[in-house]
Amino acid sequence: MASINENYQKLKAGYLFPEIRRRTEAFAQANPAADIIRMGIGDVVRGIPRVIVDAMKDAAEELADDGTFRGYPPEQGYDFLVEAIVAHEFGLRGVDVDPDEIFLSDGSKCDSANIQEIFGVDNTVALTDPVYPVYCDSNVMAGRTGEADSTGSYEGLVYVPCTAANGFLPPLPDRPVDLIYLCSPNNPTGAVMPRQALAEWVAYARRERAIIFFDAAYEGYITDPEIPHSIYEIEGAREVAIEMRSFSKNCGFTGVRCAFTVVPKDLKAYAATGESHAVHAIWSRRQSTKYNGVSYPVQRGAAASYTAGGRTAVRELIDFYLSNARLMKERLSAAGYTLYGGDNAPYLWIETPEGQDSWTFFDTLLTKAHVVGTPGAGFGAAGEGYLRLSAFQQRSAVVEAMDRIGRL
Ligand code: MLT
């Protein structure tokens, strides 16, 4: 008799975004004339820059010819891409990362879900609240938690509340933890971690021999020159942090799929005997067993984003979405909403009006304005009373959505 992994039974009803899609589709079917504007899931809407698409087309052509055909890619990524990543993402900022510390992948969602699996099930995990649900659910699936309570918080996880009162910056936990998920620019609040705040977490991790998973998938959206783009800008971080980056939100690759994770060779974790082990070797072992790498055309496309033309086009894409965010901030503030984020991130974190709970406000926006947001409660107990709006939309849709919300 096959038995299930009972940890899955602890998970809340469904993953947040499919649940939003389900509710939206039900409304659309009942109201076929409604012109629904989707600002829920953070999925890009603009075409991929021509220079990147051309590079992918050329690479696909190479695959048709026996002389230039390529089979399995190198496990961690082709040199042409890995070296461009090292030079542009880190070298230009004075950050030392070795090419073989880069592990290419098909997404930061997958990496941030998978990374926990190389660590012991008895580690204590700290999450911010609100949090990107993948960090939480992957640890529930792995058996690091008990049951969820009525607010959706799981027994055994250490939640670090990020509230308006603390500027949505995670305070250090009040007890020892072993694995820590940080996300800056933050999904969902749009907050960014200043150097000092990051330095405190790095110092904490060094003291506790803990490891930080630093999700920087939205790094391209940082506009404030004082904000670190990489956790490795903080001294000592190489010994305690793994960083995740993505091509999804800057190159328009949410469907194409390409990302990378940096695992420094200095990073150690410990066996029950106290013996230290290089995390790099363990992650390498895991990836080479379970993953076969990013396709050649996609890697060529990603590499083209670092050419002069690619960099300009990517900057334009990001600026377009950031201008959406600015416009949304202005219009929603003028309409009387209290909101956060949007300056260094493509997300706005909006207080629900008149104390509505976040799913009620989601329903109000859907049924009265035909605008889809993401209810804050879906990101954790401290997300209750908020709704996230994504700036990933066409300009005309953003303007129309703001008009409709303004009329509510
Ligand atoms: C989101 O809406 O939070 C994003 O789509 C998450 C993701 O990139 O997986």
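One-based numbering along the sequence shown. Both ligands and their constituent atoms are indexed starting at 1 by order of listing.
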Which pairs count as side-chain hydrogen bond (donor to acceptor under 3.5 Å, both in side chains) when at least one residue sits in residues 37-56, sequence neighbours excluded?
-> Glu25-Arg38, Asp43-Thr254, Arg50-Asp54
Interfacing atoms of ligand 1 (cut-off 4.0 Å, heavy-atom, [X]):
X: Asn187; result: 1 (C), 3 (O)
X: Tyr347; result: 1 (C), 2 (O), 3 (O), 4 (C)
X: Lys249; result: 4 (C), 5 (O), 7 (C), 8 (O)
X: Phe17; result: 1 (C), 2 (O), 3 (O)
X: Arg388; result: 1 (C), 2 (O), 3 (O)

Between Phe260 and Phe103, is the gap from one ring center to the other below 6.0 Å?
-> no
So, the side chain of Thr312 versus the backbone of Ala308: is there a donor-acceptor pair under 3.5 Å, distance only?
-> yes
Shortest reach to atom 6 (C) of ligand 1 by a heavy atom, considering only Phe392, Tyr132, Phe379 = Tyr132
Inspect the contact between Arg404 and Glu400 and indicate whether a charged nitrogen and a carboxylate oxygen are less than 4.0 angstrom apart.
-> yes
Flag the pair Glu226 and Arg195 as a salt bridge only when some basic side-chain nitrogen lies within less than 4.0 angstrom of an acidic carboxylate oxygen.
-> no
Do ligand 1 and Gly42 have nitrogen or oxygen atoms that lie under 3.5 Å from each other?
-> yes
Can you tell me which residue pairs pass the ring-ring contact (aromatic ring centres under 6.0 Å, His included) test with a partner in residues 171-193, sequence neighbours excluded?
-> Tyr135-Tyr181, Tyr181-Phe213
